[in-house]
Amino acid sequence: MKLLSVNSPAFAPYGKVLTGIDLAPLVEALSQTPIPEGVDYIASVPELEATASMAPIQSVAYGELPVQIGYCNGHNHLLNAVEYHRCPELNIAATDAILILGRQQDIAPDFSYETAKMEAFLVPAGTGVEIYGTTLHYAPCGVDGKGFQVAIVLPRGTNGPLTVSHGGDGEDKLLAANNKWLIGHAQGGLPEGSFSGLGGENLDTEK
């Protein structure tokens, strides 16, 4: 898979690089968080939300909408699912990281998705990007087998537990958590009840 830059025109359909917000305090705090052998996602981390970056992120990037700042850290070189939200997501990297991205518009009528349509982008350490609500994404990947640390900013409550049953034949069957629609690969080891409709093979950044 060809690795592109978030500063290239190819990134424009998926998101934009954040400017005008001092991300240094958040990046510094994020650099102190653990990097597991697998992948850990924590939706809300008080130490990250207490940094001086929190107020401008909430005010400027989300128009004063309440947000949560957590992280997705670990070691990963596979993409075995894609998700999307009804809002943008901010990814701020304390290490170099790779995002594999696609477009919600390319989801088939049967809610399957061909991973061959996805593109990979390098987010350099210290860089923040806004991923649009129509952009398919999942856990970041590391670079050259190294671990990654990426802060994840979303409206508060996103990825929390659902309170009612969801299913049927429409998009509602993809809802896996609050504000999280998920399409998983059949070999991805997703929890029982997750929809396995990803076409093609798992994507591997180390191939």
Side-chain angles (χ1 to χ4, degrees), residues 5-7 11 14-79 81-101 120-133 135-143 145-162 176-182 205:
S5 169
V6 292
N7 294 303
F11 185 62
Y14 305 107
K16 64 182 181 181
V17 176
L18 293 174
T19 59
I21 298 175
D22 183 7
L23 300 174
L26 175 57
V27 170
E28 173 59 28
L30 178 63
S31 69
Q32 305 304 310
T33 57
I35 304 177
E37 285 304 311
V39 177
D40 280 352
Y41 169 69
I42 300 179
S44 178
V45 177
E47 292 81 2
L48 302 183
E49 294 171 351
T51 67
S53 301
M54 174 67 162
I57 285 174
Q58 185 162 276
S59 178
V60 176
Y62 281 92
E64 301 189 5
L65 188 70
V67 301
Q68 62 195 28
I69 302 180
Y71 65 70
C72 187
N73 292 357
H75 291 78
N76 181 42
H77 59 90
L78 291 173
L79 181 81
V82 294
E83 68 177 8
Y84 58 94
H85 313 291
R86 293 283 194 255
C87 61
E89 173 180 312
L90 306 189
N91 290 184
I92 298 100
T95 63
D96 289 350
I98 297 170
L99 299 179
I100 304 177
L101 307 175
F121 293 89
L122 174 65
V123 184
T127 302
V129 295
E130 175 184 328
I131 302 300
Y132 298 145
T135 296
L136 304 177
H137 60 281
Y138 208 49
C141 293
V143 177
K146 298 177 182 178
F148 62 86
Q149 295 167 306
V150 178
I152 308 294
V153 186
L154 284 160
R156 188 160 293 279
T158 297
N159 288 319
L162 297 170
N178 288 166
N179 192 27
K180 175 178 179 173
W181 287 261
L182 179 72
T205 60

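Every heavy atom of this structure was used, including side-chain atoms; hydrogens, water molecules and symmetry mates were not. Everything numeric here is computed off the predicted structure, so don't read it as measured data.
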Discussion item. Set out, in order, the CA-CA distance, both residues' side-chain angles and the distance that settles side-chain contact (heavy atoms from CB on, under 4.5 Å) for Asn73 and Leu30, then state yes or no.
Written reply: CA-CA 9 Å; Asn73 292 357; Leu30 178 63; 4.2 Å; yes

Item to complete: Report the residue from Leu122, Asn7, Val17 that forms a side-chain contact (heavy atoms from CB on, under 4.5 Å) with Thr127.
Response: Val17

Short question: side chain of [X], backbone of [Y] - any donor-acceptor pair under 3.5 Å?
X: Asn178; Y: Thr158; result: no
X: Asn159; Y: Ala177; result: no
X: Gln68; Y: Gly157; result: yes

Are any of the side-chain heavy atoms of [X] and [Y] separated by less than 4.5 Å?
X: Val153; Y: Gln58; answer: no
X: Glu130; Y: Leu90; answer: yes
X: Thr33; Y: Ile42; answer: no
X: Leu26; Y: Leu48; answer: yes
X: Ile152; Y: Asn91; answer: yes
X: Val129; Y: Phe121; answer: no

Item to complete: Measure the CG-OH distance between Leu154 and Tyr62 for me, rounded to the nearest 0.5 Å.
Response: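 Going from CG on Leu154 over to OH on Tyr62, the span is 5.0 Å.
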
Worksheet entry | From CG (Asn179) to CZ (Arg156), nearest 0.5 Å | 13.5 Å

Practice prompt. Look at the aromatic rings of His137 and His85 and report parallel, tilted or perpendicular, splitting at 30° and 60°.
Written response: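 Correct class here is tilted.
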
Taking all heavy atoms of [X] and all of [Y], pick out the closest pair and write down the distance.
X: Pro140; Y: Asn76; answer: O-ND2, 2.9 Å
X: Tyr14; Y: Thr135; answer: O-OG1, 2.7 Å
X: Gly142; Y: Phe148; answer: N-CD2, 3.7 Å
X: Tyr138; Y: Leu79; answer: CB-CD1, 3.5 Å
X: Glu83; Y: Glu89; answer: OE2-OE1, 4.3 Å
X: Asp22; Y: Ser53; answer: O-OG, 2.8 Å

Fill in: Enclosure of Gln32 CD (heavy-atom neighbours >12, cutoff 6.0 Å)
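It does: Gln32 CD has more than 12 such atoms within range.
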
Item to complete: Report yes or no: do Ser44 and Glu49 form a side-chain donor-acceptor pair below 3.5 Å?
Response: yes

